[in-house]
Student: 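What follows is a structure written as structure tokens; I'll ask about it next.
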Amino acid sequence: MDTYIYEYGDKLYINLTNVCSNACVFCLRNTSDGVGGESLWLSREPTAEEVIALLDKKDLDKYREFVFCGFGEPLYAFDRLVEVGAYLKGRGKKVRLNTNGQGEFIVGAGAALRLVGAVDTVSISLNASDAEKYQEVCCCAFGKAGYDAMLRFAKECKDAGLRVILSVVDTIGTDEIERCKAIANGIGVTLRIRNYEK
Ligand code: SF4
């Protein structure tokens, strides 16, 4: 049976799609079928109504945050993401989108503005301080242009009033982390340094 929502810690994660424009060398999908013993590979993507029906069966007050994440890029399920996010926001919940940030290519212009009212926070995997290094680790289907598109999307989300976090893993080295900090500062957003777990 497909896993569309799953608990991890005090958060509830929403898994809408397995499609992704990246093929990151560190992606969990390369080494695992899912999280916490649940397979996140989908035989069929859910409708927004199906996800909302599953959420309705849960005690939503139990969770500190609801996160669109899963085994794929949630922007590929954009309309459903917006519908489910708006439902959760309507219930007074905190909602985060974890994304590769390639909204410009995947959704088109205006994606950031459409996220307003559906999510509070957009967490974008920055991964590297320039397009070349990014392409080496993320193997983006849009080529090196994916990197600049990601930074523009981060800025658009920030300008739309969303909380934006850029993230890197701690294995990239202190110099590279400093360069990534400067990029985040330049956009006026936070850099989160994630612990890399194999
Ligand atoms: S962007 Fe996320 S889902 Fe896509 S390949 Fe990279 S780590 Fe995996």
Side-chain angles (χ1 to χ4, degrees), residues 2-6 8-9 11-46 51 65-78 80-81 84-85 95-108 111-112 115 119 121-154 156-157 162 164-172 176-177 180 183-184 189 191-198:
D2 288 334
T3 300
Y4 299 140
I5 62 173
Y6 60 98
Y8 193 73
K11 302 184 188 104
L12 193 78
Y13 287 79
I14 304 168
N15 180 32
L16 295 178
T17 183
N18 289 150
V19 181
C20 187
S21 48
N22 281 1
C24 302
V25 293
F26 52 80
C27 182
L28 193 61
R29 308 192 304 176
N30 301 331
T31 51
S32 160
D33 282 337
V35 174
E38 306 227 45
S39 172
L40 296 178
W41 292 115
L42 301 175
S43 63
R44 180 180 65 80
E45 295 190 358
V51 175
E65 197 176 30
F66 296 80
V67 186
F68 290 99
C69 181
F71 246 33
E73 170 50 55
L75 290 176
Y76 275 104
F78 193 71
R80 288 172 284 146
L81 151 63
V84 174
V95 183
R96 170 160 51 104
L97 163 64
N98 286 358
T99 176
N100 67 22
Q102 288 152 19
E104 209 171 289
F105 287 118
I106 298 170
V107 183
L115 287 172
V119 307
T121 304
V122 181
S123 178
I124 302 172
S125 305
L126 176 64
N127 292 324
S129 66
D130 63 49
E132 200 153 324
K133 289 193 202 88
Y134 182 84
Q135 189 60 6
E136 273 170 28
V137 289
C138 296
C139 311
C140 177
F142 308 116
K144 287 186 199 165
Y147 185 79
D148 287 340
M150 175 256 295
L151 291 180
R152 282 193 295 272
F153 182 70
E156 279 164 21
C157 288
L162 300 167
V164 177
I165 298 167
L166 293 180
S167 72
V168 293
V169 287
D170 58 2
T171 51
I172 61 175
E176 180 67 347
I177 287 175
C180 289
I183 289 169
V189 304
L191 182 77
R192 185 163 80 92
I193 301 157
R194 299 191 327 266
N195 185 253
Y196 178 69
E197 294 168 61
K198 286 200 174 183

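Numbering of ligands and ligand atoms starts at 1, following listing order.
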Student: Quick one: name the protein N/O/S atoms under 2.8 Å from atom 6 (Fe) of ligand 1, chain by chain.
Tutor: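 N, O, S partners closer than 2.8 Å: Cys24 SG.
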Student: Using a distance-only test with no angle check, is there a side-chain donor-acceptor pair under 3.5 angstrom linking Trp41 and Asp33?
Tutor: yes
Student: Check whether any side-chain heavy atom of Leu115 sits under 4.5 Å from a side-chain heavy atom of Phe153, and report yes or no.
Tutor: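 With C-beta onward as the side chain, the pair touches.
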Student: Would you say that Ser39 contacts Phe71 through its side chain, given a criterion of any heavy-atom pair below 4.5 Å between the two side chains?
Tutor: no
Student: Sequence neighbours excluded and cut-off under 3.5 Å, please list the side-chain donor-acceptor pairs for residues 136-150, or say none.
Tutor:
from: Tyr147; atom 1: OH; to: Ala128; atom 2: O; distance (Å): 2.7
from: Tyr147; atom 1: OH; to: Ser129; atom 2: O; distance (Å): 3.2
from: Tyr147; atom 1: OH; to: Asp130; atom 2: N; distance (Å): 3.4

Student: Checking contacts now, so for atom 1 (S) of ligand 1, which I'm interested in, is there any protein heavy atom under 4.0 Å?
Tutor: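 True for atom 1 (S) of ligand 1.
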Student: Classify the ring geometry of Tyr6 against Tyr13: parallel below 30°, tilted from 30° to 60°, perpendicular beyond 60°.
Tutor: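 Ring orientation of Tyr6 relative to Tyr13: parallel.
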Student: Locate the shortest heavy-atom distance separating Thr121 from Ile165; write the atom from each residue and the value.
Tutor: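 Heavy-atom minimum between the residues: CG2-CD1, 3.8 Å.
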